[in-house]
Amino acid sequence: MPQYQAVKGSRDIFPEEAAQWKYVEGVVHSIASLYGFSEIRTPVFEYTELFQRGIGSTTDIVGKEMFSFQPDPQGRSITLRPEMTAGVMRAVLQKNLLASAPVHKLYYISELFRKERPQAGRQRQFSQFGAELLGASSPAAVAEVISLMMHVFESLGLHGLRLRINTLGGTEDRMRYREALQGYFSKYHTSLDEASKERLEKNPLRILDSKNPGIQEIVSGAPRLFDYLGLEAVGDFEKVLFYLGERGIACDIDYRLVRGLDYYSYTAFEVTSSELGAQDAVGGGGRYDSLARELGSSSDIPAVGFAVGIERLLMTMEKQGLFAALTPDAPLVFVVLQQQEYSDHAMRIAYRLRKAGIRTEVDLVSRSMKSQMREANRIRSSYALFVGENEVAAGQYTLKNLVTSDQTTLSLDAIIEILHEPAMKEYVKS
RNA sequence: GUGAUUGUAGCUCAGUUGGUUAGAGCGCCAGGUUGUGGCCCUGGAGGUCGGGGGUUCGAGUCCCCUCAUUCACCCCA
């Protein structure tokens, strides 16, 4: 085993996989642009209090999953961001962005860090893309954000994803429901597991999405949040559903869906993939009107957003065979030198071809011709250009088409012309 | 943090009740074709059997510890 390995929960992305990332990122950029969202990049670390206030100190993320450290003994603790929303909101407030225009639509593709035990679909360093719509959280705004997310999935060719949606109501709705839930679960106190008992005090809503079968049995008889909603919340939710229906976005209403972060209210949603194993949530989001005030703003800022786990997205795409057509860029021509003495000459030729815009490969480790040809074949080069005694003497080079095995001897200028001919490239590739 | 799982060549894995110099396929390098690839043939390089300790005449095989991996719980994307 090598002396140094990637840190637990982190990994390397080698070229083949990097091409998949590049492809997905490209789609995210273009769809986000289609919906009028602009990219924002924020620092990978923030002062720790930002996440404590923003995400909620009762959550596991803040409680035990943050990578925090003090740059100097007297300094403030800082934390590698475990999610993006708090940082984006901080940036927006810091710059007072909303003063320049009432609505801002931002998206990001970023690395996040959580000190969890790694498992399938869970890394300590992971990536999300997401969007935050600030200044509006009307049903129309919510529908826009969900549409954007689903549009990305569709463009990538994903199928079989399940969108679940729920409304958590307003603060008052939730307070009433919370009391009702506490009353209900208290009756089953002896049957609750440790985690649920703790949640009963801190955040009884989260008992609802417990995976413990015994708990789920109790949950099935619990009062429903929906019955505690005021008219406003119901109307808001119905309007969101109306927009989604109109756009043909299928979703399941799931009254038990409760998102983990404290700042959510009203509409919350989650997208799951059946091909992922235990960590099946690909993305999720919702409304978080109260976050801004939590972070020190003098007033609420209506806001809605989502985040999608890119690793999980890639895993799902891999399972669905969506990368099959992705092929690495093969060089067009491989400069093969006959003997080591022609190396300088071959290097000059390779450079000229590249300056002419032709993808070119050349041997760098003094390999035999046979080996160079094998290499050319291995990396799917379309042509081989030979540099040997005859070529150097005549100033004419042998160009071999590696698909048809035809070869001719021409001046370098003529060769460059041929390699520039698009029809030839197509012919060679097919 | 808890539970389980696996750890033999670059990769995927064999290694029989503990018994000589630890194997295969693929990959890599070289040669068969003294200027030419893909197929085929031949040869070669490459391994502290994750690490440490113990039992034994003898340990890749058994025991203990440790590190790492993977999966699940918790929680979350």
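As the structure is a prediction and not an experimental result, all values here were calculated from the model. Throughout, protein chains are lettered first and strands after them, A, B, ... in sequence-line order, and every chain is numbered starting at 1. When reading the values below, keep in mind they use all heavy atoms of this one structure, side chains included, and skip hydrogens, waters and symmetry mates.
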Could you work out the separation of [N] and [M] based on their [atom1] atoms and round it to a whole Å?
N: B/G52; M: B/U8; atom1: P; answer: 16 Å
N: B/U20; M: B/C29; atom1: P; answer: 34 Å
N: B/A45; M: B/G25; atom1: P; answer: 15 Å
N: B/G60; M: B/G23; atom1: C1'; answer: 12 Å
N: B/U2; M: B/U21; atom1: C1'; answer: 46 Å
N: B/C74; M: B/C67; atom1: P; answer: 25 Å
N: B/G3; M: B/A77; atom1: P; answer: 27 Å
N: B/A68; M: B/C62; atom1: C1'; answer: 22 Å

According to the 5.5 Å centroid and 30° plane-angle thresholds, does A/F386 stack upon the nucleobase of B/G35?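 No, the aromatic ring of A/F386 does not stack with the base.
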May I ask you to decide if the ring planes of A/Y255 and A/F226 are parallel, tilted or perpendicular, using 30° and 60° as cut-offs?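 Tilted, since the angle between the ring planes falls between 30° and 60°.
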Once you measure the plane-to-plane angle for A/Y397 and A/H345, does it fall in the parallel (<30°), tilted (30-60°) or perpendicular (>60°) bin?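 Tilted.
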Qualifying ring pair (Phe, Tyr, Trp, His ring centres under 6.0 Å) pairs, either residue in residues 311-339 of chain A, two or more places apart: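 Non-adjacent pairs meeting ring pair (Phe, Tyr, Trp, His ring centres under 6.0 Å): zero.
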Using whole Å, report how far [atom1] of [X] lies from [atom2] of [N].
X: A/Y397; N: B/G35; atom1: OH; atom2: C1'; value: 15 Å
X: A/N377; N: B/G37; atom1: CG; atom2: C1'; value: 5 Å
X: A/Q5; N: B/G7; atom1: CD; atom2: P; value: 16 Å
X: A/K8; N: B/U66; atom1: NZ; atom2: P; value: 14 Å
X: A/D280; N: B/C76; atom1: CG; atom2: P; value: 13 Å
X: A/R124; N: B/U70; atom1: CZ; atom2: C1'; value: 15 Å
X: A/F51; N: B/C76; atom1: CZ; atom2: P; value: 16 Å
X: A/Q338; N: B/G35; atom1: CD; atom2: C1'; value: 5 Å

Contacts of [X] that satisfy salt bridge (Lys or Arg N to Asp or Glu O under 4.0 Å) - sequence neighbours left out:
X: A/R11; result: A/E17
X: A/E16; result: none
X: A/R287; result: A/D236, A/D289

Identify, between A/A281 and A/K400, the residue whose nearest nucleotide on RNA chain B lies closer to the 5' end.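 Its nearest nucleotide being more 5', the pick is A/K400.
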Nearest-nucleotide comparison on RNA chain B, the residue closer to the 5′ end among A/V7 and A/R312: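 Going by which nucleotide is closer to the 5' end, it is A/V7.
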Just to be sure I understand the rule, does A/V308 reach a base, reach only the sugar-phosphate, or reach nothing, if contact means heavy atoms closer than 4.0 Å?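 No contact.
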Enumerate the residue pairs fulfilling side chain to side chain donor-acceptor pair (under 3.5 Å) with a member in residues 145-157 of chain A, sequence neighbours excluded, ordered by first and then second residue.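 Pairs touching residues 145-157 of chain A that pass the test: A/Y35-A/H151, A/S147-A/R247.
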If a pair satisfies side chain to side chain donor-acceptor pair (under 3.5 Å) and one of its residues is in residues 22-31 of chain A, list it, with sequence neighbours excluded.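 Matches after skipping sequence neighbours: A/H29-A/Y107.
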Provide the full list of salt bridge (charged side-chain N to carboxylate O under 4.0 Å, His left out) pairs with a residue in residues 375-399 of chain A, sequence neighbours left out, each pair given once.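 Residue pairs with at least one partner in residues 375-399 of chain A: A/R367-A/E375, A/E375-A/R378.
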Spell out yes or no: do the side chain of A/Q407 and the base of B/U36 have one donor N/O and one acceptor N/O closer than 3.5 Å?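 Side chain to base: pair present.
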Do A/E391 and B/G35 share a donor-acceptor pair, side chain to base, under 3.5 Å?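 For A/E391, whose side chain was compared with the base of B/G35, there is a donor-acceptor pair (under 3.5 Å).
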A/M369 side chain: which of B/G35, B/A77, B/G37 is closest?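 Looking only at heavy atoms from C-beta outward on A/M369, the closest nucleotide is B/G35.
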Distances under 3.5 Å between protein N/O atoms and the N/O atoms of nucleotides 71-73 of chain B, please, pair by pair.
{"residue": "B/C71", "atom": "OP2", "partner": "A/A120", "partner atom": "N", "Å": "3.0"}
{"residue": "B/A72", "atom": "OP1", "partner": "A/A278", "partner atom": "N", "Å": "3.1"}
{"residue": "B/A72", "atom": "OP2", "partner": "A/Q119", "partner atom": "NE2", "Å": "3.1"}
{"residue": "B/A72", "atom": "OP2", "partner": "A/A120", "partner atom": "N", "Å": "3.4"}

Identify the stems formed by RNA chain B, where each pair is Watson-Crick or G-U wobble with both distances under 3.5 angstrom and a stem is at least 3 consecutive pairs.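 So far as stems of 3 or more pairs are concerned, RNA chain B shows B:1-4 with B:70-73, B:10-13 with B:23-26, B:28-32 with B:40-44, B:50-54 with B:62-66.
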A/S10 side chain reached by A/E111 side chain, heavy atoms, under 4.5 Å: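 Contact flag for A/E111/A/S10 side chains = no.
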Going by the rule side chain to side chain donor-acceptor pair (under 3.5 Å), which residues pair with A/D300 if we only count those two or more places apart in sequence or in a different chain?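 Only A/R293 meet the side chain to side chain donor-acceptor pair (under 3.5 Å) criterion with A/D300.
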Show me the donor-acceptor pairs within less than 3.5 Å that the side chains of residues 156-163 of chain A make with the rest of the protein, sequence neighbours left out.
{"residue": "A/H159", "atom": "ND1", "partner": "A/Q320", "partner atom": "OE1", "Å": "3.3"}
{"residue": "A/R162", "atom": "NE", "partner": "A/D252", "partner atom": "OD2", "Å": "2.6"}

With a cut-off of 6.0 Å (strictly less than), are more than 12 heavy atoms of other residues, nucleotides or ligands near CD of A/E179?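 Result for CD/A/E179: open.
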Using nucleotides 25-30 of chain B, report all nitrogen or oxygen pairs with the protein that are shorter than 3.5 Å.
{"residue": "B/C29", "atom": "OP1", "partner": "A/R367", "partner atom": "NH1", "Å": "2.6"}
{"residue": "B/A30", "atom": "OP2", "partner": "A/S371", "partner atom": "OG", "Å": "3.0"}

